[in-house]
Amino acid sequence: MDTELTAQELIARLSASDNPDEVKALYHQWAERYDSDLEIQGYIAPQLAVDAFCRLLDGIASRATATVYDAGCGTGQVAILLRGEGIELIDGADFSDDMLEVARSSGSYRSLANTDYSKPVAVADRQYDAVISVGVYTHHFENQFLPEMCRILKPGGLLYFTCRPYYFQKFAATELIQLLNEKKISSLHIERKPYIVKEQADAFYISAFVEDNE
């Protein structure tokens, strides 16, 4: 990729791409300036998500001992905020090695792994008290990502993720209804809040608790 793309161009290309190699190449270009680019754009989703996530987590586990999975952790923004709230047992995963390298340098994670969320996740069942995922859900993960996140959560565990309106209306809403009907989740809560200020973009902030089906 010879020409350096703007943040808006990178976001558009990433949203449209179905080519894993292109996605990796785009994140390779973006990783070092990802945080600064999004700060300029007013990317407030991580802070809003962490604030709500922590309030919900307090109802099921101690922050000092809770195990948290940061799905699509990117450069580690979410984990930095979580650690500021007293949560330390955080495992992260992302598709981009370049983003993971930046996340690793933050020192915020217990472990990090390269993970493709269009496929089953290499994590054993019932490992985590909570999953958080900010700015990750897209059409690439339909019928794969949410069931896998439920699988790796302990009974009663918290699932919290953001979803842009297009992906929510096209994919996530149907998946969530199915998970409710199958009694895999309960206490579903959906709230639309700001996502990127300069774009005047909103997202759905979604929480649910995993049921014990065994």
Side-chain heavy atoms of [X] within contact of [Y], under 4.5 Å:
X	Y	answer
Y167	F204	no
L112	C73	yes
S133	M149	no
D91	D70	no
L57	I87	yes
L179	L146	yes
D202	R164	no
E85	V50	yes

Flag if over 12 foreign heavy atoms under 6.0 Å of NZ, K119
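No, not enclosed.
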
Would you sort out whether R110 and I90 count as a side chain to side chain contact (heavy atoms under 4.5 Å, CB included), showing the intermediate values?
CA-CA 6 Å; R110 180 174 65 171; I90 310 166; 5.8 Å; no

For [X] and [Y], does a side-chain donor sit closer than 3.5 Å to a side-chain acceptor?
X	Y	answer
N114	D97	yes
Q200	Y195	no
S118	D116	yes

Evaluate the criterion side chain to side chain contact (heavy atoms under 4.5 Å, CB included) for residue pair Y137 and F168; output intermediate values, then yes/no.
CA-CA 9 Å; Y137 185 99; F168 179 81; over 6 Å; no

Check: [X] side chain, [Y] main-chain N or O, donor-acceptor pair, under 3.5 Å:
X	Y	answer
D94	M99	no
E175	N143	yes
S62	A64	yes

Applying side chain to side chain contact (heavy atoms under 4.5 Å, CB included) to L158 and V131, what does each step give before you reach the verdict?
CA-CA 6 Å; L158 169 63; V131 167; over 6 Å; no

If you take all heavy atoms of [X] and [Y], which pair is closest and at what distance?
X	Y	value
R151	A124	NH1-C, 3.6 Å
V121	E148	N-OE1, 2.7 Å
Y128	V68	CD2-C, 3.7 Å
Y109	G76	OH-CA, 3.3 Å

Go through the steps for E199 and Q41 under the test side chain to side chain contact (heavy atoms under 4.5 Å, CB included), then give the verdict.
CA-CA 7 Å; E199 292 183 6; Q41 294 299 312; 4.3 Å; yes

Between L89 and I152, is there a shared hydrophobic cluster once you connect ILVMFWY residues whose side-chain heavy atoms come closer than 4.5 Å?
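No, L89 and I152 fall in different hydrophobic clusters.
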
When rounded to the nearest 0.5 angstrom, what is the spacing between CZ in F171 and OH in Y166?
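If I round to the nearest 0.5 Å, the distance is 5.0 Å.
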
